[in-house]
Chemist: 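This is the structure, below, for whatever I ask next.
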Amino acid sequence: QGVLVPGLGTFAVVHEQINSTEEMYVVRRPVFQLDMDMSCLRELVFPTVMMPGDIEIMPLDYWWLSQTNSLPPNVVRGCVEETILLYSFQLRTRQRPAFAFENIGILSCQDNVLCMQFHCRCIAGLESRDTWVALLLT
């Protein structure tokens, strides 16, 4: 249910219960917990995300990624590691590029706040029954 991207953070799907006056909703929504070197984040603020203890966190599967793009796993691993190092360097040198994850969302920094903004289609893909509730929560 969760994937650790070393040097960047963990993506996971959480179940959240919302009670309204009319009914109770349990929705699945994506979350991102930042796990970067704090030295590059000294003047940045980022939301604290609590991952429930029952979520199984798996390491990023470089072999599976290599199957989607026909590159060897060691090349994929090197590309991911170098990209994260470059992003960390850019944050450390006060550059504020957006880090796009295809079909997931964008990690961006605005007004010194670093946060993950999930695409609506990512949220809707996780929660088909109560999509609007999941969108509002995310």
Side-chain angles (χ1 to χ4, degrees):
Q1 285 195 346
V3 176
L4 171 65
V5 180
L8 185 65
T10 302
F11 289 92
V13 176
V14 297
H15 291 85
E16 192 162 329
Q17 180 177 320
I18 304 300
N19 296 314
S20 76
T21 56
E22 297 164 8
E23 69 180 284
M24 179 184 72
Y25 300 95
V26 178
V27 296
R28 293 167 29 117
R29 65 183 192 89
V31 294
F32 175 71
Q33 183 179 46
L34 190 67
D35 183 27
M36 291 183 82
D37 179 12
M38 299 308 280
S39 66
C40 72
L41 302 175
R42 50 184 169 243
E43 76 268 354
L44 297 179
V45 176
F46 50 93
T48 302
V49 175
M50 298 303 294
M51 296 275 182
D54 62 342
I55 292 181
E56 183 180 0
I57 306 296
M58 304 296 291
L60 187 60
D61 188 341
Y62 297 105
W63 181 87
W64 182 84
L65 284 176
S66 74
Q67 299 304 301
T68 65
N69 58 32
S70 302
L71 294 172
N74 62 327
V75 172
V76 172
R77 178 187 298 267
C79 288
V80 169
E81 290 171 353
E82 291 295 321
T83 302
I84 292 169
L85 284 173
L86 175 61
Y87 189 68
S88 297
F89 173 76
Q90 290 173 324
L91 289 175
R92 201 170 29 254
T93 57
R94 294 185 172 82
Q95 299 174 53
R96 302 295 187 245
F99 195 111
F101 296 88
E102 187 175 351
N103 299 322
I104 296 173
I106 299 172
L107 181 60
S108 63
C109 187
Q110 298 172 349
D111 299 323
N112 285 341
V113 177
L114 184 66
C115 68
M116 184 69 200
Q117 298 168 324
F118 291 95
H119 294 312
C120 291
R121 65 184 172 273
C122 172
I123 298 164
L126 294 171
E127 183 57 50
S128 59
R129 182 173 166 247
D130 295 313
T131 304
W132 288 109
V133 176
L135 286 167
L136 288 171
L137 287 172
T138 306

Chemist: Search all heavy atoms of Gln90 against all heavy atoms of Pro97 and return the closest pair with its distance.
Modeler: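 Shortest heavy-atom separation between Gln90 and Pro97 comes out as OE1-CG, 3.1 Å.
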Chemist: Could you check if a side-chain atom of Met36 sits within less than 4.5 angstrom of a side-chain atom of Leu91, using non-hydrogen atoms only?
Modeler: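 Yes, at least one pair of side-chain atoms sits under 4.5 Å.
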Chemist: State, yes or no, whether a side-chain contact exists between Tyr62 and Val80 at a heavy-atom distance under 4.5 Å.
Modeler: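 Tyr62 vs Val80: side chains touch.
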Chemist: Do other residues, nucleotides or ligands put more than 12 heavy atoms under 6.0 Å from Glu56 CD?
Modeler: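 Result for CD/Glu56: open.
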Chemist: Kindly assign one of parallel, tilted or perpendicular to the pair Phe32 and Phe101, based on the angle between their ring planes and the thresholds 30° and 60°.
Modeler: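 Tilted: the ring planes of Phe32 and Phe101 meet at 30° to 60°.
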Chemist: Any donor-acceptor pair under 3.5 Å linking the side chain of Gln33 with the backbone of Val49?
Modeler: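 Yes, the answer is positive, given that a donor and an acceptor are paired below the 3.5 Å cut-off.
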Chemist: Could you tell me if the side chain of Leu65 sits less than 4.5 Å from the side chain of Leu60, heavy atoms only?
Modeler: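 Counting from C-beta outward, Leu60 and Leu65 do come under 4.5 Å.
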Chemist: Any non-hydrogen side-chain atom of Arg96 less than 4.5 Å from a side-chain atom of Asn112?
Modeler: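 A side-chain contact exists here, since the closest heavy-atom pair is under 4.5 Å.
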Chemist: Does Trp64 share a hydrophobic cluster with Val3, counting links as ILVMFWY side-chain heavy atoms below 4.5 Å and allowing steps through other members?
Modeler: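 Linked, Trp64 and Val3 end up in one cluster.
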Chemist: Can you list the steps and then say if Tyr87 with Leu107 is a side-chain contact (heavy atoms from CB on, under 4.5 Å)?
Modeler: CA-CA 10 Å; Tyr87 189 68; Leu107 181 60; 3.8 Å; yes
Chemist: Can you name the closest pair of heavy atoms from Pro72 and Ser66 and give their distance?
Modeler: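 Of all heavy-atom pairs spanning Pro72 and Ser66, the closest is C-CB, 3.9 Å.
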Chemist: Answer yes or no: is there a side-chain heavy-atom contact under 4.5 Å between Ile84 and Glu82?
Modeler: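 Contact flag for Ile84/Glu82 side chains = no.
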Chemist: Check the pair Leu34 / Leu114 against side-chain contact (heavy atoms from CB on, under 4.5 Å), numbers first and verdict last.
Modeler: CA-CA 9 Å; Leu34 190 67; Leu114 184 66; 3.7 Å; yes
Chemist: Is a side-chain N or O of Asp61 found less than 3.5 angstrom from the main chain of Trp63, in a donor-acceptor match?
Modeler: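 Present.
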Chemist: Is there a chain of hydrophobic side chains (I, L, V, M, F, W, Y, each step under 4.5 Å between heavy atoms) that links Val5 to Phe46?
Modeler: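 They do share one cluster, since a chain of ILVMFWY contacts under 4.5 Å joins Val5 to Phe46.
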Chemist: Between Val31 and Met51, is a side-chain contact (heavy atoms from CB on, under 4.5 Å) present by the stated rule, with each step listed?
Modeler: CA-CA 8 Å; Val31 294; Met51 296 275 182; 3.8 Å; yes
Chemist: What do the steps show when you test Phe11 against Ile104 for side-chain contact (heavy atoms from CB on, under 4.5 Å), and what is the final call?
Modeler: CA-CA 10 Å; Phe11 289 92; Ile104 296 173; 4.1 Å; yes
Chemist: Drop me the distance from Met116's CE to Ile106's CD1, to the nearest 0.5 angstrom.
Modeler: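 With rounding to 0.5 Å, CE (Met116) is 8.0 Å from CD1 (Ile106).
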Chemist: In Å, rounded to the nearest 0.5 Å, how long is the span from CZ of Arg77 to CG of Leu71?
Modeler: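 Atom-to-atom, Arg77:CZ and Leu71:CG are 14.5 Å apart.
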Chemist: A side-chain contact here means heavy atoms from C-beta on lying under 4.5 Å apart; do Asn103 and Cys122 qualify?
Modeler: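 No, too far: nothing below the 4.5 Å cut-off.
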Chemist: Flag the pair Asp35 / Thr10 as yes when at least one side-chain heavy-atom distance between them is below 4.5 Å, and no otherwise.
Modeler: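 Side chain of Asp35 against side chain of Thr10, heavy atoms only: no contact under 4.5 Å found.
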Chemist: Tell me, do Ile55 and Val14 make a side-chain contact under 4.5 Å, heavy atoms counted?
Modeler: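 Yes, close enough: below the 4.5 Å cut-off.
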